[in-house]
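Contents: one structure, followed by commentary.
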Amino acid sequence: MTDTVDRADEVREVERIIIRFAGDSGDGMQLTGDRFTSASALFGNDLATLPEFPAEIRAPAGTLAGVSAFQVHISDHDITTPGDAPNVLVAMNPAALKADLHTLESGGTVIINSDAFEERNLAKAGYEHNPLEDNTLDGYTVITAPMTSLTKEACKDLGVKPRDAERSKNFFALGLVSWLYSRPEEPTMLWIQEKFKGRDLVIAANEAAYRAGNAFGETAELSASRMTVRPAQLPAGTYTNINGNTALSWGLIAASQQAGLPLFLGSYPITPASDILHELSKHKNFGVRTFQAEDEIAAVGSALGASYGGHIGITTTSGPGVALKGETLGLAVSLELPLVVIDIQRGGPSTGLPTKTEAADLMMAMYGRHGEAPMPIVAASSPADCFDAAIEAVRIALEYRTPVMLLSDGYLANGTEPWKLPDIDSLPSIDIEFASELNGVDSEGREVYWPYVRNDDLARPWAIPGTEALMHRIGGIEKQDGTGNISYDPANHEFMVRLREERILKIADKLPPLEVMGDDDADILVVGWGSTWGAITSAVGRLRSGGTKVASVHLRHLYPFAPNLGELLQRFDHVVVPEMNLGQLTKLLRAEFLVDAKAISKVSGQPFTAAELVTKIQEVAR
Amino acid sequence: MTDTVDRADEVREVERIIIRFAGDSGDGMQLTGDRFTSASALFGNDLATLPEFPAEIRAPAGTLAGVSAFQVHISDHDITTPGDAPNVLVAMNPAALKADLHTLESGGTVIINSDAFEERNLAKAGYEHNPLEDNTLDGYTVITAPMTSLTKEACKDLGVKPRDAERSKNFFALGLVSWLYSRPEEPTMLWIQEKFKGRDLVIAANEAAYRAGNAFGETAELSASRMTVRPAQLPAGTYTNINGNTALSWGLIAASQQAGLPLFLGSYPITPASDILHELSKHKNFGVRTFQAEDEIAAVGSALGASYGGHIGITTTSGPGVALKGETLGLAVSLELPLVVIDIQRGGPSTGLPTKTEAADLMMAMYGRHGEAPMPIVAASSPADCFDAAIEAVRIALEYRTPVMLLSDGYLANGTEPWKLPDIDSLPSIDIEFASELNGVDSEGREVYWPYVRNDDLARPWAIPGTEALMHRIGGIEKQDGTGNISYDPANHEFMVRLREERILKIADKLPPLEVMGDDDADILVVGWGSTWGAITSAVGRLRSGGTKVASVHLRHLYPFAPNLGELLQRFDHVVVPEMNLGQLTKLLRAEFLVDAKAISKVSGQPFTAAELVTKIQEVAR
Amino acid sequence: MSAVPVTTKKDWSSDQEVRWCPGCGDYSILTAMQLLMPELEVRREDTVFISGIGCAARFPYYMNTYGMHSIHGRSPAIATGLAMARPDLDVWVVGGDGDMLSIGGNHLIHALRRNINLTILLFNNQIYGLTKGQYSPTSEVGKVTKSTPMGSIDQPFNPISVALGAEATFVARTHDMDRGHMQEMFRRAHDHQGSAIVEVFQNCNVFNDGAFNAITKKDARDAMLINLTHGEPVRFGVDGERGVMIVDGTAKIVDVAEVGIDALHVHDETAPDPSVAFAISRLADDRESPTPVGVLRSVQRREYGESVSSQIAAAQDTKGPGDLHGLLRSLPTWDVS
Amino acid sequence: MSAVPVTTKKDWSSDQEVRWCPGCGDYSILTAMQLLMPELEVRREDTVFISGIGCAARFPYYMNTYGMHSIHGRSPAIATGLAMARPDLDVWVVGGDGDMLSIGGNHLIHALRRNINLTILLFNNQIYGLTKGQYSPTSEVGKVTKSTPMGSIDQPFNPISVALGAEATFVARTHDMDRGHMQEMFRRAHDHQGSAIVEVFQNCNVFNDGAFNAITKKDARDAMLINLTHGEPVRFGVDGERGVMIVDGTAKIVDVAEVGIDALHVHDETAPDPSVAFAISRLADDRESPTPVGVLRSVQRREYGESVSSQIAAAQDTKGPGDLHGLLRSLPTWDVS
Ligand SMILES: Cc1ncc(C[n+]2csc(CCOP(=O)(O)OP(=O)(O)O)c2C)c(N)n1
Ligand SMILES: Cc1ncc(C[n+]2csc(CCOP(=O)(O)OP(=O)(O)O)c2C)c(N)n1
Ligand code: SF4
Ligand code: SF4
Ligand SMILES: [Mg+2]
Ligand SMILES: [Mg+2]
């Protein structure tokens, strides 16, 4: 079957390779991909990853629904996306081949575990004929290996039971792929020893499988397919490969240290946000309190209660959870207390596609509350950027005493990229002081504390319980400006409604102006937000290399907008907005600036590829 | 004190009078206003009312916070608002005078219960001097009557205890005002007898008080102040005076009859929506089921469950309740089941001003759900119009199998107007048929039922449990078009997201085009929605009588818009949008049509007056 | 209506592939149900399964009946509306311990007190399965999970105690290892007029494997499951050598030889006062002690939907059927000509 | 810290005008509280009242302490966060029967089972006061209200039974007509470590006047209130002529003369098993029967915030205090130069 020819023995150098590992949920593909990524990271490549989990259910083994995949893009230069069409597909079973072959570039390489292509599996995947035996794979470079049996064989003398040995077949695949793409062996071996410490048989089996895969490459004369990707020229520094949820969690911890206030997370588990709860609950030694609440309303409520007590109240969730928190957020707006609501967006509406990505909660973030209840919105643009975005969200919440919405999505949450670790001393400072003094005089001339007096930023003082003499009451009923007493006065209500809007808009005053990337004299401006950053950057780069003039700008702040956005939009004839929704930022830009912004929408549960964007932007350019 | 002069004995005829009854919550001003309104309605005037309750709390008697007022505008011609500045203020105590004097037109008439102007009450109202004795009332026509003591006096011989007699003083006020404005006595007497049937002493006291007030007018020589308003020339028909919540409840019942399906209301009490629950729970003989749920989520959930069972599921609430229902509405969007969510908007954000009106939930109605979850929005424009709006909302929900948002507000809910009762046979028909047959063929050639097959309107079939052979499962996970089976296929998701939007937009195809009122060749178009209709109509009328060219259009459908709205907006140089929010419809129009629509915002908890709008629109005209 | 047609398990199985982890306890519950349905003499089209979100909540997809897979925690509320609107239907509610007791706790207790005609199955695996292993409101103190790396600190609910405290009229417990017992409980719950809740101990072999091994494994059952039988003294153990006594208001496990059989508590499901059922529910506050299973309480109280219907009937009796023309004229009217 | 300053009622009264209906039972509860606070030896600045929405929920405005009037039903959740973050504070939660048992029921039962350090006062007037008179989850069956013109059909909750079913560690009942008893209950609840709930029968004289007259009126109390005293036989009646016995697991009212004093149940608040407390809570399932008041249950279980703090301390002990530099390097890193 292996139709490779012995053409040359040396390893070809290429700029980048995109590999997609696909198999059954039980096949350990996430781990395999992760290991390959780590080895590549340590090797010095730039990289980006896209794990794709099967939907929340446990699908029966061998079915299409059970396919789990991990795509990794490794490169010798700066890259921003996990790549368009993979160059290499590793298919551990027929379902994986069926599900993912269509994503492969034409002429790409398929690496197949031939043991899995037996009748039952073929049937489960819906193949009437064995694709290894018909013309399904014509035009691809096909490498087949009986991974299961070779792995068992390799483990035979170790005392590992055959059923257990079988579980190591993903390490066979990893060994083979690592050989093909010249990845160093050492990091993986170290990792195996660390991870399975104390379980010697498992260590032995995995190591044997890895080496067997490696050896298979050598002995099966696959040299012609060998390639390597040189280390990228990244800025000097210490790097780690990080996913968005971890970066976000660490950003929250960093913000807590910068502000000198303890972190409180009130959360209810939900995909793809749960990992932030898991991560933060590991770091109690930072004084982090995590609370798994009975539901999302209690989660945000507890966070608000903690904020009231002087902690940094955080709540993490995904769309369905945000939809439940609206009433409490209205209260937070009215109370003017800090709070950060983190929405790791996923496919909607309703339960939708829980394990897939989407960015269709922007409008809910803007408007999902009754009455005029403005809240700042911050969005993260790449896995590592989640760290900075989290700090920025906390900064705004604390400095302006307001709930803030922080948007990420499933793609950022689980995708990884190398992150140059920041110098801790250079992290933004967060200035926050609790009120400690009386600040008003009542009608009888007594000194009193007024909770709704304002500073230059229009933020109110934050007096926390326990502070002597500053006892006061706050609530969700309209309050008098200054004193904070309940007020039903029409003029006061009008004043307060407008003030609440103004104070949020005023945050823009201190935001840095947006910078346009690309050609300042282009006709087209691509406006992005959130996780489209990678694809946009890559697409704009390709277009410009191809001679098309195009500029782009990426928004960190969705509300309020950076102060120069309006002026900037006016400078271009065409404004296009790639969004993983039906055009939500587009609507906001149109309403605010009356520019004829056009959305490039994708709502398939998958991120944009740069190639798609190149095409779509070119259509506008024409 | 009474500085009236005996000028003429006959009753002056005027086009209209605006009277404001104000007193303590315990003084029965709502009832007094209501009676005066009824008598005027039966007399044949056109009218509009504005009850203003104190906030939810029970404020201490005599304080400003406890003032309850009822404004009624009676006219000999078609009117649409409860009037700008009242011509007459009835003040039952100092707090009422203090709270409402500023609303009175300059030179207006004040009718005062002088008994209440004693030291304690003056102090509670914050008067340092008795306003009856200083220059506070200079420039007004002042009629004082010791209403409390005269009422007690009148009841002396009836065997009524003095404390009980005191309670009838509002009927004294009513008698006096009825004499001044020539209202017929009979309807009120009949009402008293009916209302207090079996409580003879109460009947006697109220009647005596009314007559005493009447007599006071005669004997105190107040003839100079007498006026009357002739019956209006209204279209022939049977009329009743109705408030918005009642009209809305009846509209729901009518819709249920038109559709031939039973009504199910799942609700949780909240001001100002509770009265719909109260009203509907009285009409069980129409087969209406009402359910007071444990919270708003259960309320909408139960309504959705009832809809699933083939009833018309309705849920009523106000802003805070809608903020809680978002997740369930997302499910309803995904299930494609009929459901009507009724939001009687009130002042926000958060608890805000629960008894005051506002219309700031439009954006939440549009976007308060995660993912792309479009829902049609219908708004009522006057108290009586709530009847038609309810039918329209139910029609769309049933015919298109979609949740619908119906917006009303506190002003419509409690305000009243004469309503020409519709001919029942002319009510819109609502066509709805349950699925009863298999409609698909599965991969093995068996006939099956597919819940997501579509008709020309893109609505799916509605097979209710109990229907033989059509068993099927639905849920909130993305489903395959047609079969309705769970589908994680990217292309299907993209298709379904766009389809769900398209099917809602398609509702516009069958909507009647909007008609412009006023000058087609004007520069200015006033676009309205909801309860601003009355004030806009009145303001535009006045402007046009004054020679300003102006046109207006009022939107019943906020999503999707009527098909000709875009074209219509383009025809005018200026588009202004009076809204009881910070410009929510304005934003939608700008985003959709790229017209430079400008909001005229009012967020004080009170409806626009026509006079305010005249000024604001003139500013644009200039 | 014609007689209920004879059906088999297959008739009650939908065409959807069952998608739980291999070995999950949910399979045996599903099988028990699909085998039971033909015996209940009900029609598939009159049967509805409503669920929330979770592994357990996938249940409706696999039953060839009407079904709704709704949103997390809300199934009792949705089912309440359906049961009120359609008293002719058999409405089943299925969910996990997170779905029903965490986010959905309030809807559950309100459905129970109202006595809505629902058959509620709570699959208790003491874990969040679908979201991959966080602790749940029934997890034991100290449990190490993804969200509690240092062990959970929350006192768990005892679902039976919660239900009894919430005025439930029918409360039972069973487990996924005994098909016959499950079927018996499901049948009894189905036959009950009003809200019936059955807690089903269910093994999540992926995230909480063996949680109930100590009591539900075949060889452990005799010694560890206290089978409640109406009208019988409460005895268990291989030779019925142990029993339950109510001593000063609390339930105690005793040696029959020591106290004599007459001292044992004679189980009475129908006791109007729920106190004894509550006392019995407190046996086994941990996983290692003998645990009561069976019907703890089964009393008659008017079913909610029946009350709703009778109020409608009464209103129609006194006011006549709804007359829209009349309704519009029920406030004072006047004529303009 | 310096000694707690001596205060008086006035120090605990805020400058806001009290705005309940004249005659409302809430006034006497407020007075009881304001008079009690100086005796508790706590500081005003360390005291926080959190409430939801409702008449009862106005309470915080009138206390000169820190306070939050939040949103309907959510006060136990908000207070949970505050109490976890700030174990140094005294956190009180106040709400009505609608606020706490209808919309807020789930947060309440979860706070109770977790044993969060909260003192929870449930003002039960068996009606929705603020929204002007709809029935509540504690209203009796058949109640005619604005939303139930033909009478309600919902079985009410017994708040004490609900709390006990939810693993509450401290449960008490009192009423607005007896300041001394209220203060005693509030003091006991305050002193309890963990969640303490006190049900206060409260008269809403506008929408549900006299709901508790049959039991709380001065001349009715002796015969109708069953005062529970720890360690004492449960007796009541003008001359203590009646008492409570636990018979076969249920609580029964008996004539002392008939059964003899030794047969009476001796109240034990601290019984680890809540069964007897539950049985006692079932006395008076209606408004006309003798009704237990006092502390039904008071047991020690680790307070939640304490567990939280000790996990933090343990983590710091083993891992050292948080080191951000180290955290960022906790995954594999590599250097580029
Ligand atoms: C509003 C909302 N919050 C959270 C989730 C995520 N979620 C899905 S199932 C589940 C809990 C599952 O546990 P359980 O109910 O015990 O069911 P099991 O999977 O164990 O059968 C959670 C938290 C969701 N789908 N919706
Ligand atoms: C989300 C939400 N739903 C409904 C309301 C309306 N509401 C305010 S208080 C209340 C119930 C009041 O009853 P209870 O809690 O018993 O307090 P009481 O007034 O009797 O003291 C309701 C339904 C609200 N404010 N917010
Ligand atoms: S995760 Fe647990 S409960 Fe869910 S399907 Fe798998 S074994 Fe069953
Ligand atoms: S409505 Fe009832 S509970 Fe509310 S303040 Fe008035 S009397 Fe008190
Ligand atoms: Mg579970
Ligand atoms: Mg109440």
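Here the structure is a predicted model, which means the values were calculated and not measured. So you know, we letter chains A, B, ... as the sequences are listed, proteins then strands, and number each from 1.
- For A:D489, no part lies near chain B; criterion is any non-hydrogen pair under 4.5 Å.
- Top candidate by heavy-atom pairs under 4.5 Å with chain B, chosen from A:T328, A:L329, A:D361, is A:D361.
- With chain A as partner, the option from B:R346, B:E592, B:Q584, B:K356 having the largest number of non-hydrogen pairs under 4.5 angstrom is B:Q584.
- Note that OH of B:Y367 and CG of A:L362 are 10.0 Å apart. Values are rounded to the nearest 0.5 Å.
- Comparing B:G330, B:G321, B:G476 by heavy-atom pairs within less than 4.5 Å of chain A, the highest count is held by B:G476.
- Of the inter-residue distances, the one linking B:N581 atom CG with A:E372 atom CD reads 5.5 Å to the nearest 0.5 angstrom.
- Heavy atoms of A:R500 lying under 4.5 Å from chain B belong exclusively to its side chain.
- Options B:G348, B:A373, B:S487, B:P490 differ in how many heavy-atom pairs under 4.5 Å they form with chain A, and the most are formed by B:P490.
- When B:L335, B:L64, B:D343, B:V497 are compared by the number of non-hydrogen pairs under 4.5 Å with chain A, B:V497 comes out ahead.
- With chain B as partner, the option from A:P320, A:G347, A:S334, A:G368 having the largest number of non-hydrogen pairs under 4.5 angstrom is A:P320.
- For A:Q606, the part lying under 4.5 angstrom from a heavy atom of chain B is the side chain only.
- Residue with the most contacts toward chain B among A:G319, A:G326, A:G605: A:G319 (heavy-atom pairs, distance under 4.5 Å).
- If you measure heavy-atom distances from B:I297 to chain A, the contacts under 4.5 Å come from the side chain alone.
- For A:E296, no part lies near chain B; criterion is any non-hydrogen pair under 4.5 Å.
- For the options B:V595, B:N492, B:V333, heavy-atom pairs under 4.5 Å to chain A are most numerous at B:V595.
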For this session: Step by step, work out the side chain to side chain donor-acceptor pair (under 3.5 Å) result for B:H370 and A:Q345.
Result: CA-CA 9 Å; B:H370 65 282; A:Q345 301 164 94; over 6 Å; no

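- Side chain of A:E327 to main chain of B:L324: no donor-acceptor pair is present (N/O by atom type, distance under 3.5 Å, no hydrogens or angles).
- When the candidates B:P349, B:A491, B:A323, B:A99 are compared by the number of heavy-atom contacts under 4.5 Å with chain A, B:P349 comes out ahead.
- The environment of NZ in A:K616 is sparse: at most 12 heavy-atom neighbours from other residues, nucleotides or ligands sit within 6.0 Å.
- Atom CD of A:E478 and atom CG of B:L353 lie 5.5 Å apart (nearest 0.5 Å).
- Contacts between A:E358 and chain B at a heavy-atom distance below 4.5 Å involve the side chain alone, from C-beta outward.
- In this structure, no portion of B:V322 lies under 4.5 Å from any heavy atom of chain A.
- The distance from the CD atom of A:E502 to the CG atom of B:L582 is 11.5 Å, given to the nearest 0.5 Å.
- A distance of 15.0 Å separates OG of B:S604 from CE of A:M496, quoted to the nearest 0.5 Å.
- Minimum heavy-atom separation, A:R590 to B:L594: NH2-CG, 3.4 Å.
- In this structure, the portions of A:K602 lying under 4.5 Å from any heavy atom of chain B include both its backbone and its side chain.
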